[in-house]
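Note that the structure is a prediction, hence the values are computed from the model and not measured. One-based numbering, in listed order, for ligands and for the atoms of each.
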Amino acid sequence: MANILITGGSRGIGAEAVRQFTAAGHKVVFTFHKSEIAADILRQETGATPVRCDVKHHDSVRIAVDKAVSVLGQIDILICNAAIADYGLITDMDISRWEDVINTDLSGVFYCVRYVLPAMISRRNGCIITVGSMLGEVGASCEAAYSAAKAGVIGLTKALAKEVGPSGIRVNCISPGMIDTGMNASVSEYAADILVDKTPLCRSGAPEDIAKVMMFLASEDAAFITGQVISVNGGLVI
Ligand code: NDP
């Protein structure tokens, strides 16, 4: 059984990942930022340990990683899932909004990797799963910062896979399509219906669809997979 750190585990996809990994017998620490009550309910439900962390600040990440190591002993699997979305014309975007998205969605992944990786390299064993987005593959109008950050996550994943593969560490990115979580709460029913219409599998995704792929990539069944972007989008982007 593995020791796992999942960022952004308090809600949505991350919370479902906490449920699936703990149900399979793994030991899990997950981070939350604002959703303290949801994190505590998930702790009671799963036995996983919540740790508060703001991934856009490297000091907060360093402290959370230290806490995770003190609970788990070591981190075998790191899942960089925490992110925020942002919508609006690029000409209306002030600098602080850009920085918030890039610092959370891209730099936050770097900070987690930066603090977790040295011990993995020493042990010559580890697995890192990043969470990108189909928008990091194709871009979206009015989501420039998010698309740029997620494209950065894909680039970071591929570069890392090349750098740390010889140290026995696999790094892969899951690239979700439209998944029913709080992140899409502001998407209108009309826009969501259009996306479903364009999806060959005729539905939006559920957090379970992504968590199951996390489980696979974290498992020995994926032992020869690294540097890949696994799109889980019902065929919306092919
Ligand atoms: P949610 O909005 O449901 O959950 C986001 C999670 O990230 C929460 O646990 C939240 O914690 C955490 N988080 C946000 N900001 C920070 C921060 N600064 N520091 C630490 N944690 C933070 O999102 P999803 O579950 O939908 O998304 C999970 C991943 O999947 C993200 O990487 C997202 O970009 C990606 N994705 C999602 C898609 C979708 O359609 N839902 C599509 C493509 C990609 P808290 O609530 O405690 O603040």
Would you call Y146 and M183 a side-chain contact if the rule is heavy atoms closer than 4.5 Å? yes
Run down the list S60, A82, A85 and name the one with the heavy atom closest to atom 7 (O) of ligand 1. A82
From the options V61, I84, N81, select the one whose nearest heavy atom is closest to atom 15 (N) of ligand 1. I84
Main-chain N/O of N233 paired to S231 side chain as donor or acceptor, under 3.5 Å: no
Once side chain to side chain donor-acceptor pair (under 3.5 Å) is applied, do any residues pair with R97, and if so which ones, sequence neighbours excluded? D86
Can you confirm, on distance only, whether ligand 1 has an N/O atom lying under 3.5 Å from any N/O atom belonging to G14? no
Between ligand 1 and S133, is the shortest N or O to N or O distance under 3.5 Å? no
One residue to check: T104. Relative to ligand 1, which of side chain, backbone, both or neither has a non-hydrogen atom less than 4.0 Å away? side chain
Quick check: do I174 and M214 have side-chain heavy atoms less than 4.5 Å from each other? yes
Looking only at heavy atoms of T7, does any of them come nearer than 4.0 Å to an atom of ligand 1? no
Cationic N near anionic O, under 4.0 Å, R203 to D209: yes
Show me which atoms of ligand 1 lie under 4.0 Å from any heavy atom of D54. 17 (C), 18 (N), 19 (N)
Minimum heavy-atom distance C127-L217, with the two atoms named: SG-O, 3.7 Å
Run the contact test for K150 against ligand 1 with a 4.0 Å cut-off on heavy atoms, strictly below, and give the result. yes
